[in-house]
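See structure below.
All chains are named by letter (A, B, ...) in the order of the sequence lines, taking the proteins before the strands, and each is independently numbered beginning at 1.
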Amino acid sequence: MIQMTKPAVYTPDADEPAGYDPAAIEEKWRARWEARGTNVTDLQNGARPFYALMMFPYPSAEGLHVGNLFAFTGNDIYGRFQRLQGHTVFEPFGYDAFGIHSENYAIKVGVHPAELIPRNIENFRRQVHRAGLMVDWTHELSTTDPEYYRWTQWVFLQLHRRGLAYKKKAAVNWCPFDKTVLANEQVVGGACERCGTLVEQRFLAQWFFRITEYAGRLLDNLDTLDWSESTKAAQRNWIGRSEGAELVFPVLDADGRSTRAVTVFTTRPDTIFGATYLVLAPEHPLVEEVTPERSRAAVQAYVADAAKQDLVARKTTKSKSGVFTGAYATNPATGRPVPIWIADYVLMEYGTGAIMAVPAHDERDHEFARAYDLPIVQVVGPTDGTVTIDEAAYTGTEGARLVNSGRFTGMGVAEAKHAIVAELSVANAAKPVVNYRLHDWCISRQRYWGPPIPIVYCDDCGTVPVPESQLPVLLPSIDDFRPDDSGVSPLARHDEWYHTPCPQCGKRGRRETDVSDTFLDSAWYFLRYPSSSRDDVAFDRSITEKWLPVHSYIGGNEHAVLHLLYSRFVTMVLHDAGLIGFEEPFTRFRAHGLIVREGAKMSKSKGNVVNPDQYIDQWGADAFRTYLMFLGPFEEGGDFRDKGISGVKRFLDRLWRSVHDAERGGASDRDVQRKLHQTIKKVGDDVARLSYNTAIAAMMEYMNTMRAGERTPQLDEVRPLVQLVSPFAPHIAEELWEVMGGTTSVFDAGWPAFDASLVMDDRITMAVQVNGKTRGTISVPTGAAQDDALAAVMADPALAKFVTGAPKRVIFVPGRLINIIV
RNA sequence: GCGAGAGUGGCGAAACUGGCAGACGCACCAGACUUAGGAUCUGGCACCGAAAGGUAUAGGGGUUCAAGUCCCCUCUCUCGCACCA
């Protein structure tokens, strides 16, 4: 459908805005950077290495999104700034080009992804070039390159060797639209993260990574990382540590003896005296064993019903249902029998798949008990006053004490937790346990467009990893790459690929036909960049340890739990394998904000997506970059308003004219000097903490001072400003640097020198308050004492009139304010 | 429900450790230069008020000489997680 919409770019009707012509100089400088190798990093010899990494993009057919460019520019400014501070900066770029997203698009347009992706990459490369990023293109990589995914497969083998990759048949999330399994992290609100289709439950044999084994370390290390707090919080949340205990409830057999037991996990062992029934997940293996004949039919019906439900309904339906198994267990604390129920609100995948229900002190159990008329026994209550537990559960713990709990009655909750577990553990009926919400990472995908998992199945040898020397297992070029409903990858349909000699015995074996999750590709790419030219190792150890861990990583918070958690995990495993000397990949991470347009989220369907090409055509890359950074705080994003860019362009025009108009050899104005050095300080401080919007504002302020009243600036006043602007607007800065006689790149000229002594003025303006109310200002000599300031106030009738009596007290903040209390 | 963040002019936003609220920019208004300009430059621009002055940072309390900033309560919005025992 063709829509006639307003042009996406704000276009003044005037033929040409006065000012410099970005098109001419930007092309010139990109060519010169390339010719001079300005942006190529000497990885071997570089002193003071600084790895400025940005999350690499998925090269979509639509081209570079302004959100990508916002992130890249923010990283580029930081990288360029570090270079000006004397670091050797490495700013690589690549493409995360495998995956369902690419494949679905390829299917939609009917072009093979192997054809499509290179085209998209070429377009991305062109657009990123235009933006003037300080990228070292000699280390460009794409995850779809066999020379890359060869090492992705190698990473898989490292995990496999360490027993961290395993195959199991499990209930998995199946997307009926994408026709593949999804990781838990890729299911959002019960729907596929990519296409929004409701996810179904399937039982399939899948490859998993044992990330749960690292849960504790992944959690604990967060405290040592200089990351955005919101990102760390998201990871903590996702890992979901909870401290509690496993308690054992012996099952009462028909003859009154106990040969089996139900083990439950609880965070509230203190409430065990109020456990009036047990609940097993419908899939729990004990269900079959404990259910007596007379209730078997009802139980089986319920189990079958629960199995039919997809995971979505299971997780979103909050109303409680369940069925009594007919069996009883013994509460180890009270010695009394409690009925064993099954209910789908208990999940097999968390804890032990069984709970002790304490309806008096758990909202879900309370709801269930009321629905099925089970006893509710209060065992905890507030110290001050009483509560009724008829209407709702009492879940408070602060200042609460146990009641109806035998010899534990009267204890505080925290104390009782320990005491009860300690006592029960004597009889092996309890042990302290830490549980994590995190699940193992399912990496199998029954799709085409990914790296084949390097495994061969042999009737004699079993599951055999492909030897490293035989990598890569090439993804064959096939025409029928569409997935089907079978749960088996399209690769299985290709006999010549599927059958291969067993690497161990040489007999006819079968290849694993699943490919690995895209998130595995991106979980180690930062290790590959510095070693991208090596074809004998995934990464060179010495160069890796010179350049990593990454000094600064910038990307979107949408990857807070996926990519960032997986990357940390893979790095930890490689560390444990003795392959690298660090276990955390990113020393510092900052999440950038989101760009909206005129207050609304950008989307293709609304037709309000900013196309960077159009704006760069119109205003130049420098103005576009600077404007993106001026919109708002980098870590919070901003509102792209089409007309706003003109203010930034005006600033660059004034900079251009200032250089060309500047006088040489004249004396600089004292006030301008002072403002200059204040600005050098402020811009440096602001850029260091990614406060780009205020850095730009400070430079504009300086411009206003320097050119106040159509003043002609001195060259010495303008030159440092060109240096300050350079990370934001690199092309114009280079051009003006050359105009002013620079012979090297402005990025090799360093940061302008800051002179603290020039910042001080002889006189200073102080705020005057009387009784805490601001009444005006006074001008006093710098370093004036309280008495001088007070005298100055009294000398000013407009201020003195507020001082209606003898000052009772005077608060004097040197250099800032004087507050007179009368 | 849990976790994180936010609420300031017409708009995007500043105010980093409590110390002149609204820097900088957009839009708007006026003026200069101009044949003209949507270019450039100068000035104005939170609200009430003629002024003096008063009132303002979602709302309500509090701490302090002083609160957008700290504490308590309430409301609203955004994002993440969510039957996780």
Shortest non-hydrogen contact from [X] to [Y]?
X: A/Asn608; Y: A/Lys601; result: ND2-O, 3.1 Å
X: A/Gly396; Y: A/Ala400; result: O-CB, 4.0 Å
X: A/Met703; Y: A/Ser658; result: SD-OG, 3.8 Å

Once you apply a heavy-atom cut-off of 4.0 Å, does [X] come out as touching a base, just sugar-phosphate, or nothing?
X: A/Thr765; answer: base
X: A/Thr777; answer: base
X: A/Arg437; answer: base
X: A/Ile821; answer: sugar-phosphate

Among all residues two or more places apart in sequence or in another chain, which pass the side-chain hydrogen bond (donor to acceptor under 3.5 Å, both in side chains) test with A/Tyr692?
->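 If we apply the side-chain hydrogen bond (donor to acceptor under 3.5 Å, both in side chains) test to A/Tyr692, skipping adjacent residues, there are no hits.
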With sequence neighbours excluded, what pairs up with A/Ser691 under the side-chain hydrogen bond (donor to acceptor under 3.5 Å, both in side chains) test?
->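 side-chain hydrogen bond (donor to acceptor under 3.5 Å, both in side chains) list for A/Ser691, sorted by chain: A/Thr694.
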Do the charged groups of [X] and [Y] touch, with an N to O distance under 4.0 Å?
X: A/Asp223; Y: A/Lys232; answer: no
X: A/Arg650; Y: A/Asp653; answer: no
X: A/Asp671; Y: A/Arg711; answer: no

Is the charged tip of A/Lys649 near the ring of A/Tyr20: under 6.0 Å from the six-membered ring centre and within 45° of its axis?
->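 Yes, A/Lys649 sits over the ring of A/Tyr20.
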Write down the distance separating the [atom1] atoms in [N] and [M], rounded off to the nearest Å.
N: B/C33; M: B/C24; atom1: C1'; answer: 26 Å
N: B/U69; M: B/G18; atom1: C1'; answer: 6 Å
N: B/G59; M: B/G9; atom1: P; answer: 10 Å
N: B/U78; M: B/C16; atom1: C1'; answer: 24 Å
N: B/A30; M: B/C45; atom1: C1'; answer: 11 Å
N: B/G10; M: B/C47; atom1: C1'; answer: 13 Å
N: B/U34; M: B/A58; atom1: P; answer: 48 Å

Please list, for nucleotides 51-54 of chain B, all pairs of protein and nucleotide N/O atoms separated by less than 3.5 Å.
residue	atom	partner	partner atom	Å
B/A52	O3'	A/Lys801	NZ	3.3
B/G53	OP1	A/Lys801	NZ	2.9
B/G54	OP1	A/Arg775	NH1	2.9
B/G54	OP1	A/Arg775	NH2	3.1
B/G54	OP2	A/Arg775	NH1	3.0

In a table with atom names and distances, give each donor-acceptor pair under 3.5 Å that connects a side chain of residues 269-280 of chain A to protein atoms at least two apart or in another chain.
residue	atom	partner	partner atom	Å
A/Asp270	OD1	A/Arg268	NE	3.1
A/Asp270	OD2	A/Arg268	NE	3.3
A/Asp270	OD2	A/Arg268	NH2	3.0
A/Thr271	OG1	A/Arg268	O	2.7
A/Thr276	OG1	A/Pro375	O	2.8
A/Tyr277	OH	A/Asp365	O	3.1

What pairs with A/Asp788 under salt bridge (Lys or Arg N to Asp or Glu O under 4.0 Å), at least two apart in sequence or on another chain?
->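 Expected list: none.
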What is the distance, to the nearest angstrom, from the [atom1] atom on [X] to the [atom2] atom on [N]?
X: A/Arg689; N: B/A15; atom1: CZ; atom2: C1'; answer: 11 Å
X: A/Asn819; N: B/C65; atom1: CG; atom2: C1'; answer: 5 Å
X: A/Lys681; N: B/C16; atom1: NZ; atom2: C1'; answer: 11 Å
X: A/Met766; N: B/G19; atom1: CE; atom2: C1'; answer: 10 Å
X: A/Glu701; N: B/A15; atom1: CD; atom2: P; answer: 12 Å
X: A/Asn557; N: B/U78; atom1: CG; atom2: C1'; answer: 13 Å
X: A/Asp686; N: B/A23; atom1: CG; atom2: P; answer: 17 Å
X: A/Lys682; N: B/C24; atom1: NZ; atom2: P; answer: 12 Å

If you check every side-chain atom of [X], which of [options] has the closest atom?
X: A/Thr266; options: B/A85, B/C24, B/G19; answer: B/A85
X: A/Tyr345; options: B/C26, B/C83, B/G19; answer: B/C83
X: A/Ser646; options: B/G19, B/A85, B/A27; answer: B/A27
X: A/Leu817; options: B/A85, B/C16, B/G19; answer: B/G19

Counting distance only, does the side-chain N/O of A/His592 pair as donor-acceptor with the main-chain N or O of A/Gly74 below 3.5 Å?
->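 Judged by distance alone, no pair lies under 3.5 Å.
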Check the interface with nucleotides 41-46 of chain B: list each N/O to N/O pair with the protein under 3.5 Å, or write none.
residue	atom	partner	partner atom	Å
B/C41	OP1	A/Arg654	NE	3.2
B/C41	O2'	A/Glu710	OE2	2.7
B/U42	OP1	A/Gly709	N	3.4

Of all pairs that satisfy salt bridge (Lys or Arg N to Asp or Glu O under 4.0 Å), the ones with a partner from residues 678-696 of chain A, not counting sequence neighbours |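 Non-adjacent pairs meeting salt bridge (Lys or Arg N to Asp or Glu O under 4.0 Å): A/Lys681-A/Asp685, A/Lys682-A/Asp686, A/Asp686-A/Arg689.
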Any salt bridge (Lys or Arg N to Asp or Glu O under 4.0 Å) pairs touching residues 694-703 of chain A, not counting sequence neighbours?
->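 Listed once each, the pairs are A/Lys675-A/Glu701.
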Specify the residue among A/Gly772 and A/Phe265 whose closest nucleotide of RNA chain B lies further upstream toward the 5′ end.
->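 Between the two, 5'-proximity favours A/Gly772.
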If you find the nucleotide of RNA chain B closest to A/Ser242 and the one closest to A/Ala698, which residue's nucleotide is nearer the 5' end?
->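 First, find each residue's nearest nucleotide; the 5'-ward one identifies A/Ala698.
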Hey, is B/G9 sitting syn or anti, using the within-90° cutoff around 0?
->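 Base orientation relative to the sugar is syn.
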Could you run down nucleotides 3-13 of chain B 5' to 3' and tag each one B, S or - for protein heavy-atom contact under 4.0 Å?
-> SS------SBS
For RNA chain B, list all stems, counting runs of three or more consecutive pairs where every pair is Watson-Crick or G-U wobble with both distances under 3.5 Å.
->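 Stems for RNA chain B, defined as runs of 3 or more consecutive pairs: B:1-7 with B:75-81, B:10-12 with B:24-26, B:28-32 with B:40-44, B:46-48 with B:53-55, B:58-62 with B:70-74.
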Kindly list each side-chain donor-acceptor pair under 3.5 angstrom involving residues 625-636 of chain A, sequence neighbours excluded, with atom names and distances?
residue	atom	partner	partner atom	Å
A/Arg625	NE	A/Phe728	O	2.8
A/Arg625	NH1	A/Asp76	OD2	2.9
A/Arg625	NH1	A/Ala131	O	3.0
A/Arg625	NH1	A/Gly132	O	3.2
A/Arg625	NH2	A/Asp76	OD2	2.8
A/Arg625	NH2	A/Pro727	O	2.8
A/Thr626	OG1	A/Asp622	O	2.7
A/Tyr627	OH	A/Arg641	N	3.2
A/Tyr627	OH	A/Arg641	O	2.7

Please tabulate, for side-chain N and O atoms in residues 808-822 of chain A, each donor-acceptor pair with protein atoms closer than 3.5 Å (sequence neighbours left out).
residue	atom	partner	partner atom	Å
A/Asn819	OD1	A/Gly772	N	3.0
A/Asn819	ND2	A/Gln769	OE1	3.4

